[in-house]
Participant: 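Quick one: the structure is below, questions incoming.
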2 protein chains.
Amino acid sequence: MTEKQEKILQAALQLFAKEGYHATSTSKVAKKAGVSEGLIFRHFGNKEGLLQAILDEGEKKFKELVVNIVMESDPKGVIQKTIEMPVNIDKADYDFWKLQFKLKWELEVSGDKKMEPLHMALTNAFRKLNYQHPELEASLLILFIDGIGSATLKGSSLNVNELTQFLLHKYQVI
Amino acid sequence: MTEKQEKILQAALQLFAKEGYHATSTSKVAKKAGVSEGLIFRHFGNKEGLLQAILDEGEKKFKELVVNIVMESDPKGVIQKTIEMPVNIDKADYDFWKLQFKLKWELEVSGDKKMEPLHMALTNAFRKLNYQHPELEASLLILFIDGIGSATLKGSSLNVNELTQFLLHKYQVI
DNA sequence: GATGATTGTGAGTAATCACTTGCAAAAATA
DNA sequence: TATTTTTGCAAGTGATTACTCACAATCATC
């Protein structure tokens, strides 16, 4: 990966996250990255290839987050880490996660499969804690953290920290 | 409102909801509506005006939904109606609501203000039912219906009906 | 240091973009 | 019925789109 290649990825990430994929032209990306437009196509083939390169890195980052939760043996720890996921995301990575959420709508990427390991870990955790409907509890909690994540990245007026604390108490993991 | 004007709105709604606002060209809208492209600009000024016309109708429809909840006097009824909101949306209106959700990301429309009356109604309901943190409960529930709505419109594999029933029992409103 | 591969540029390309204009048909008003 | 207003179309407009290509500069390998 050359230096200019990374410049392109970084510029594309920022623009895609801010303006959206379709609203961002390759010429804008090139200008922001400080390279010629042709270089984008030399390295990434086409505009979609550029997006895919960003998405691939996204998949990697997300898996890292999930692994940290799945590895947790204490069921309460699993739930706590899940709830704290949105508030723990690095602000330097905001653009990155924003793009992921944006693309779920812009390109109709389901995202269900990626959540499966997390869903299973949560289901097990709730089962160990003798919840009556562990699968549903898992789905519900994922729905919540997805919503809190959305609110955080969209700059909603929602008090995310307060809500997180509230959830931690509700699930009695703290 | 002429017949062709409605044809344009209907075509634009379908295309914007499916492909997104930026990915849909005015020529595609015209072709789908069976009118000349110029007519779009005659009636709506520009592409954004066309979108705004759709959005205005959306605001109206949403307010109707919320009024039905806010008017409810029984606190449990307020919560029940809120939870059942996503499963009760008319399938004929799917494109419509999908566009609303899509635009929240594509154009960064906050949507917080629109939720305020609903949030207040829920807060009051939870207070009447002696919940310790009525505001937070309201925020949480709105987060949930937003998430369920997203899942429904995105065609997620999530079992929406089951989750709705689960919540109705969790909140003891049924 | 010659050679071949990789990295990079800048000026192209046709197609499509949102939008305009001139003019006719239709409708409303007188 | 004459006149004005509205509705509609077809053929444009310049700008921008994603993308290509010929050609340099830089690089690694022998």
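The model shown is predicted, which means the values in this text are computed figures rather than measured ones.
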Participant: Expressed as a whole number of angstroms, how long is the span from Lys7(B):NZ to dC9(D):P?
Facilitator: 12 Å
Participant: Is the shortest side-chain N/O distance from Ser25(A) to OP1 or OP2 of dT17(D) below 4.0 Å?
Facilitator: yes
Participant: Nearest whole Å is fine: how far is dA11(C) P from Phe41(A) CZ?
Facilitator: 17 Å
Participant: Is the shortest distance from a Lys or Arg side-chain nitrogen in Glu108(B) or Lys102(A) to a carboxylate oxygen in the other one below 4.0 Å?
Facilitator: yes
Participant: Any idea which of dG8(D), dA18(C), dC19(D) is nearest the Lys47(B) side chain?
Facilitator: dA18(C)
Participant: What integer distance in Å separates Glu37(A):CD from dT20(D):P?
Facilitator: 11 Å
Participant: To the nearest Å, give me how far apart CG (Leu50(B)) and C1' (dC19(C)) are.
Facilitator: 13 Å
Participant: Let me know, please, whether Arg42(A) or His22(A) comes out on the 5' side of the other along DNA chain D by nearest nucleotide.
Facilitator: His22(A)
Participant: Tell me: CG of Asn46(B) to P of dT20(C), nearest whole Å?
Facilitator: 8 Å
Participant: What pair of heavy atoms forms the shortest contact from Phe41(B) to Lys47(B), and how long is it?
Facilitator: CE2-N, 4.1 Å
Participant: Quick one: do the Thr26(A) and Glu37(A) side chains pair a donor with an acceptor below 3.5 Å?
Facilitator: yes
Participant: In this structure, how many angstroms lie between the C1' atom of dA18(C) and the CG atom of Leu51(B), rounded?
Facilitator: 14 Å
Participant: Can you tell me how the ring of Trp97(B) sits relative to the ring of Phe62(B), calling it parallel under 30°, perpendicular over 60° and tilted otherwise?
Facilitator: perpendicular
Participant: Rounded off to whole Å, could you give me the CD-to-C1' distance for the Glu3(B) and dT6(D) pair?
Facilitator: 16 Å
Participant: Verify the contact: side-chain N or O of Thr2(A) to OP1 or OP2 of dT7(C), cut-off strictly under 4.0 Å; return yes or no.
Facilitator: no
Participant: Respond yes when some side-chain nitrogen or oxygen of Ser36(A) is under 4.0 Å from OP1 or OP2 of dG10(C), and no when none is.
Facilitator: no
Participant: Does a side-chain N or O from His43(B) land closer than 4.0 Å to OP1 or OP2 of dG8(D), or not?
Facilitator: yes
Participant: Counting just side-chain N and O atoms, does Ser27(B) come under 4.0 Å of either OP1 or OP2 of dT16(C)?
Facilitator: no
Participant: Looking across every strand, which nucleic acid part, if any, lies under 4.0 Å from Gln5(B) by heavy atom: base, sugar-phosphate, or nothing?
Facilitator: nothing
Participant: Rounded to whole angstroms, how far apart are CZ on Phe44(B) and P on dT7(D)?
Facilitator: 11 Å
Participant: Do side-chain atoms of Gln5(B) reach the backbone of Thr2(B) as a donor and acceptor pair under 3.5 angstrom?
Facilitator: yes
Participant: Counting only side-chain nitrogens and oxygens, does Lys28(A) get under 4.0 Å of the OP1 or OP2 atom of dT17(D)?
Facilitator: no
